[in-house]
Amino acid sequence: QRVGFFPGLLCVLAGLSLAQLANYPTFMFQEFLQGFGYESASAALDGGAKTWGGFALDCAVVAVMVPFLEEFAFRGVLVSALRPYGIGFAIVASALVFGFAHLDGPTSLFAILAGLVLGFIYARTNNLWLTIWIHALNNGLSTIGSYSSLFVPEAYVDDFSALLLLG
């Protein structure tokens, strides 16, 4: 469906802001789990040296390819297929499947919350490109945060990452 530039831009900014707010309950859940000795899979794999080549590859995959494929699958196909059962059900069910597909406790919680936002925007606009942009910007911010040592001195990495995640 055709959405004008400014309404579309507002949808993208609002959706990205709401998705970023999902970081707060996610971080609290992660802290809670860490109290029991839990370590996320991404933290365990994140020990390698950060390079510009790795950053470029991660941007291409995580911030471009993944949002396109996931939005097509979870919003474009799943929400559309579940619409006959009610749009609320379609949004919630697709968000749950999206979250559980991420396979990690805190990451799944974030994906469920972000999936609710993305599903709502898709249901209201019928425009998959808006959700792709929101997803891509969210993943892009996350990728920049994970490579923050390339952008700022080591002493400021935590502050830079927190700023990117509005945290």
Side-chain angles (χ1 to χ4, degrees), residues 1-32 40 42 55 58-148 151-152 156-167:
Q1 175 172 322
R2 180 119 169 96
V3 176
F5 177 76
F6 287 110
L9 180 62
L10 288 176
C11 281
V12 169
L13 293 176
L16 180 62
S17 298
L18 290 171
Q20 287 296 300
L21 287 174
N23 281 306
Y24 291 109
T26 301
F27 290 148
M28 289 189 299
F29 184 51
Q30 186 170 354
E31 290 290 323
F32 173 76
S40 71
S42 60
F55 174 69
D58 271 2
C59 280
V61 173
V62 174
V64 177
M65 188 176 74
V66 166
F68 183 80
L69 295 173
E70 286 184 346
E71 289 309 309
F72 176 75
F74 293 104
R75 258 55 70 187
V77 173
L78 194 55
V79 168
S80 297
L82 295 175
R83 258 185 211 241
Y85 302 102
I87 194 59
F89 174 78
I91 292 169
V92 171
S94 71
L96 289 171
V97 173
F98 180 62
F100 294 132
H102 283 78
L103 302 176
D104 179 57
T107 305
S108 291
L109 175 61
F110 178 83
I112 290 168
L113 297 173
L116 290 170
V117 171
L118 294 167
F120 177 79
I121 289 173
Y122 178 64
R124 296 286 295 176
T125 66
N126 286 321
N127 188 322
L128 198 57
W129 288 107
L130 295 177
T131 62
I132 290 169
W133 274 105
I134 295 165
H135 197 149
L137 290 169
N138 178 73
N139 286 12
L141 287 173
S142 178
T143 301
I144 291 169
S146 67
Y147 284 84
S148 55
F151 301 99
V152 296
Y156 300 105
V157 164
D158 289 341
D159 294 333
F160 181 74
S161 295
L163 178 65
L164 286 175
L165 298 175
L166 302 176

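Worth saying up front: this structure is predicted, and the values here are computed from it rather than measured. The basis for the numbers below is simple: all heavy atoms, side chains too, and nothing from hydrogens, waters or symmetry mates.
Separating the CD1 atom in I144 from the SG atom in C59 is a distance of 6.0 Å, to the nearest 0.5 Å. A distance of 5.5 Å separates CG in L113 from OG1 in T26, rounded to the nearest 0.5 Å. Here T131 contributes atom OG1 and L118 contributes atom CG; the two are 6.0 Å apart, rounded to the nearest 0.5 Å. To the nearest 0.5 Å, atom OG1 of residue T107 and atom CZ of residue F29 are 10.5 Å apart. To the nearest 0.5 Å, atoms CH2 (W133) and CG (N138) are separated by 14.0 Å. Taken from OG1 in T143 to CZ in F55, the straight-line distance is 7.0 Å, to the nearest 0.5 Å.
Within a 6.0 Å radius of CG in D159, other residues, nucleotides and ligands contribute more than 12 heavy atoms. Within a 6.0 Å radius of CZ in F68, no more than 12 heavy atoms belonging to other residues, nucleotides or ligands are found. Atom CZ of F120 is surrounded by 12 or fewer heavy atoms from other residues, nucleotides or ligands within 6.0 Å.
Summarising the geometry of L16 relative to I134, their closest heavy-atom pair is N-CG2, 3.7 Å, with the distance given to 0.1 Å. Heavy-atom minimum distance, A123 versus R83: CA-NH2, 3.5 Å. Contact record, H102 with S108: C-OG, 3.9 Å, taken as the closest heavy-atom pair. A pairwise comparison of heavy atoms in L128 and G76 identifies CD1-N, 3.7 Å as the closest pair.
For the pair S148 (side chain) and G145 (backbone), a donor-acceptor distance under 3.5 Å is present.
Residue pairs meeting the salt bridge (Lys or Arg N to Asp or Glu O under 4.0 Å) criterion with at least one member in residues 72-82, sequence neighbours excluded: E71-R75.
Two residues are said to be in side-chain contact when any heavy atoms from C-beta on lie closer than 4.5 Å; V62 and S142 fail this criterion. Residues F5 and L9 form a side-chain contact, since some pair of their non-hydrogen atoms from C-beta on lies under 4.5 Å apart. Residues V77 and F72 meet the side-chain proximity criterion, which asks for heavy atoms closer than 4.5 Å.
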Legend entry - Test side-chain hydrogen bond (donor to acceptor under 3.5 Å, both in side chains) applied to S80 and Y122, step by step: CA-CA 10 Å; S80 297; Y122 178 64; 3.2 Å; yes

Quiz: residues 85-100 side-chain donor-acceptor pairs under 3.5 angstrom, not counting sequence neighbours:
from: S94; atom 1: OG; to: A90; atom 2: O; distance (Å): 3.1
from: S94; atom 1: OG; to: I91; atom 2: O; distance (Å): 3.1

